[in-house]
Each structure stands twice: as C-alpha cells, then as structure tokens.
Number of protein chains: 2
Amino acid sequence: MAETYKVDAIDQKILSYLVKNARMPFLEIARECGISGAAIHQRVKKMEDAGIIAGSRMVVKPKALGFDVCAFVGVQLVSTNLYAGVIEALKMMPEVVECHFITGEYALLLKIFCRDNEHLMDVLVNTIQNIPGISRTETFISLDQAIERPVYVKDRSVIKG
Amino acid sequence: MAETYKVDAIDQKILSYLVKNARMPFLEIARECGISGAAIHQRVKKMEDAGIIAGSRMVVKPKALGFDVCAFVGVQLVSTNLYAGVIEALKMMPEVVECHFITGEYALLLKIFCRDNEHLMDVLVNTIQNIPGISRTETFISLDQAIERPVYVKDRSVIKG
DNA sequence: ATTGAAACCGTTGTGAT
DNA sequence: ATCACAACGGTTTCAAT
C-alpha cells in the first residue's frame, strides 16, 4: 500500500483501457500509447505493486448465478466500537459484496445479493440480526440497476490521438 | 441477452477463477478443470455471447485517480415516470458509478466518487439538483469501505480437486 | 524509464470425433 | 461439446541505453 506512486498521463491512458477491458493485450495498449509492450508491462506491474491496481475481475451477471435479488441494507450498531467484529462477521457472508461505514442514520451500508426473497428474509433475520453488535436494520431492495461502471478514468490522450 | 444458457459446474469453476483474476490464462484454467484450453475458450465465448459475462475490469483504487470521497446519494423524484430522463442525465455524470431504483423513502440510490468535499458539494448542488425531475436528496458519505468483492461464485470443484 | 530481441507461452481457428 | 494441432501473437525477461 505504498502511497508515493504518481499516476502520470501514460498510466492514465493505460488504465482507461484496462478498466474497460482487463484482458486487452498489453501490445495493443502499447500501439495505442506509442510506447513498447515492455514499458506497458512494467508500468502495470508497478501500479499493481503500488496498490493502485487492486486486481481484475470478469463481471458476471448475478442473475446467471441464481442471484435474483439485490438489496442495500442500512445497519445500526449497538455501539460504534463494535465495528471491527461486525465487519469480520459480514466478511463470512457470501451474500455481502460491499460494506461501507457511512454518515447518517445508519453506521453501515451493505450491498447484498440473494437468490430470492426467501433467501433475503433468511439473511436478514437469521444471519445479520444474529451478529453481535447489530441492533436495527432497514432494507432497500434494488428493483433495477440502471448504471454500473468503473470509476472514471480520464483518457488524456497525450500521446498519439 | 439470451436467457437460455445454463451455467453448469464447469462454467462455475471457470467463473470462480475469472471473477478473481480476469487475466488468468485459459490454459491454466484448463489444467485446473481437466479439459482443453479450446474448451475453456469456447465456454467463455458462449458465456460472453449469452450476456452472462458482461465484460472485465481492472480494479483501480479511486484514490490513485484523485477521488478521495465516496458517497451514496438517496434521490427523491418529483414523479416516478420521470425515471428514464433522470437516468440519462445521471449517465452523463462521470462521478456516478452506480444507480439503483430502490424501495423505500428514496426512488434512487446513487454511488458517486468525488475528488474532495468541494467537488461533492458542486455535484450535489450544481449538477444533481439541476436535473429535471429530482426533488430532494440525502447524502451518506462513505468513511471506510470495509468490503468490496465480486458476486459469490461457488467453486463446486466437480472435476479434479 | 524505455527499448528491441528472444524465449516462452497462451490464444484462437480448424477439422475430426 | 470436446479434442489435438498449428499458426499466430502476446508476455515476460534482460542487457543496453
């Protein structure tokens, strides 16, 4: 987790391709950027080492895996200092894909995927509510996900373009 | 967006690797699964064609790109039938990475990334509030993202293991 | 930090089962 | 749906700059 690496214009251009297609060949990126494939390779490696790139993922439609229900869950804690233990318990739940510590009425906001409403019910009542330190929850079911995309990377197009 | 493809145990095993590392060589997956590289290739292509795999992404730490602030925004609409137009306006905003139509007090839940609090202020007051059809918003700043991972893919390990 | 070259390895199309 | 094979191209390392 070094925090010294500075992402320059070429790095940004490289990332602008890779956030849209993680399997884009480095040689193709090299041709777009006007530098060698070896240079792309080394820059990507450096960004991985610096923690700027935190891995890569194929994006799989949850429905194809049988997860028909997406929901957000606001969670109130008995006491904020129970945070660490609650996180550990949530990490054990495969349904939880995101957990944020947020400002406002709820201490935590979770994003979860469940097979169906019955599964959601089970997760809420039998799993989440049984985690020590969690008091109240409120559930917001996502009926439609209209936008889903990576963080914005400006393609400054400094080299060739 | 065909909805007929059935993800079998081998597909699941393939996906279980690719959701964790989009650049994992198909030949390596082939060795793990005990089938040929060509078979992996064709299965992945089929899943892409069927819309089960919706692309791939390098995961970039927002902070490295200068996005220090992550927030969720609950959005109330003047009228629900303005949904489509609002979505179009939100798609134009690079800060918005997710938008869900949810149950509860707010019609929409957005996830946004901003450079700093000033940028967040600008986005809330000068951009989001100016979109026709949006009435009230409430903002929840994410102070810490404790969990961030892909949808759970069971690795059934049916073949070799 | 970038390069070209080289060795290695993966990808992808084909034809057969 | 799978395979083996082969042509092609990508990855990765390295000495040199």
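Throughout, protein chains are lettered first and strands after them, A, B, ... in sequence-line order, and every chain is numbered starting at 1.
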Trainee: Can you name the side chain to side chain donor-acceptor pair (under 3.5 Å) partners of A:Glu138, sequence neighbours left out?
Mentor: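 Listed in chain order: A:Tyr106.
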
Trainee: Between the axis at one end of the helix from C:dA1-D:dT17 to C:dT17-D:dA1 and the axis at the other (five pairs apiece), what's the angle to 10 degrees?
Mentor: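 The end axes of the helix from C:dA1-D:dT17 to C:dT17-D:dA1 are about 30° apart, to the nearest 10°.
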
Trainee: Any chance you could list the contact pattern along nucleotides 12-17 of chain D? Use B for base contacts, S for sugar-phosphate-only contacts and - for none, protein heavy atoms under 4.0 Å, 5' to 3'.
Mentor: SBB---

Trainee: Give me the first and last nucleotide of DNA chain C, going 5' to 3', that has any atom under 4.0 Å from a heavy atom of chain A.
Mentor: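 Nucleotide range in contact with chain A: C:dA1 to C:dT11.
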
Trainee: Considering only heavy atoms from C-beta outward, does the side chain of A:Asp68 approach that of A:Asn117 to under 4.5 Å?
Mentor: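 Side chain of A:Asp68 against side chain of A:Asn117, heavy atoms only: no contact under 4.5 Å found.
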
Trainee: Any salt bridge (charged side-chain N to carboxylate O under 4.0 Å, His left out) involving residues 125-134 of chain A? Give me the pairs, sequence neighbours left out, ordered by first then second residue.
Mentor: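 Listed by first then second residue: nothing to list.
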
Trainee: For A:Lys20, check salt bridge (charged side-chain N to carboxylate O under 4.0 Å, His left out) against everything at least two apart and list the hits.
Mentor: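 Expected list: none.
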
Trainee: Please name all residues satisfying side chain to side chain donor-acceptor pair (under 3.5 Å) with B:Asn81, sequence neighbours left out, ordered by chain then number.
Mentor: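 With neighbours one apart ignored, the set is B:Ser79.
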
Trainee: Which residue lies toward the 5' end of DNA chain C, A:Arg43 or A:Arg23, if each is placed at its nearest nucleotide?
Mentor: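 Of the two residues, A:Arg43 wins.
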
Trainee: Using the salt bridge (charged side-chain N to carboxylate O under 4.0 Å, His left out) criterion, which residues pair with B:Lys45? Sequence neighbours excluded.
Mentor: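 Salt bridge (charged side-chain N to carboxylate O under 4.0 Å, His left out) check on B:Lys45 returns B:Asp49.
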
Trainee: Tell me every residue that passes salt bridge (charged side-chain N to carboxylate O under 4.0 Å, His left out) with B:Arg43, counting only those two or more places apart in sequence or in another chain.
Mentor: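 Residues passing salt bridge (charged side-chain N to carboxylate O under 4.0 Å, His left out) with B:Arg43: B:Asp8, B:Asp11.
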
Trainee: Give me each pair satisfying ring pair (Phe, Tyr, Trp, His ring centres under 6.0 Å) with a member in residues 123-150 of chain A, each pair once, sequence neighbours excluded.
Mentor: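 Non-adjacent pairs meeting ring pair (Phe, Tyr, Trp, His ring centres under 6.0 Å): zero.
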
Trainee: What's the CG-C1' distance between A:Asn21 and D:dG10, to the nearest Å?
Mentor: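 Answer to the nearest Å: 14 Å.
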
Trainee: If the condition is salt bridge (charged side-chain N to carboxylate O under 4.0 Å, His left out), which residues does A:Glu105 pass it with, not counting sequence neighbours?
Mentor: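 Once residues adjacent in sequence are excluded, the partners of A:Glu105 under the salt bridge (charged side-chain N to carboxylate O under 4.0 Å, His left out) criterion are A:Arg136.
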
Trainee: If a pair satisfies side chain to side chain donor-acceptor pair (under 3.5 Å) and one of its residues is in residues 88-99 of chain A, list it, with sequence neighbours excluded.
Mentor: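 Those involving residues 88-99 of chain A are A:Glu95-A:His119, A:Glu98-A:His100, A:Glu98-B:Lys111.
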
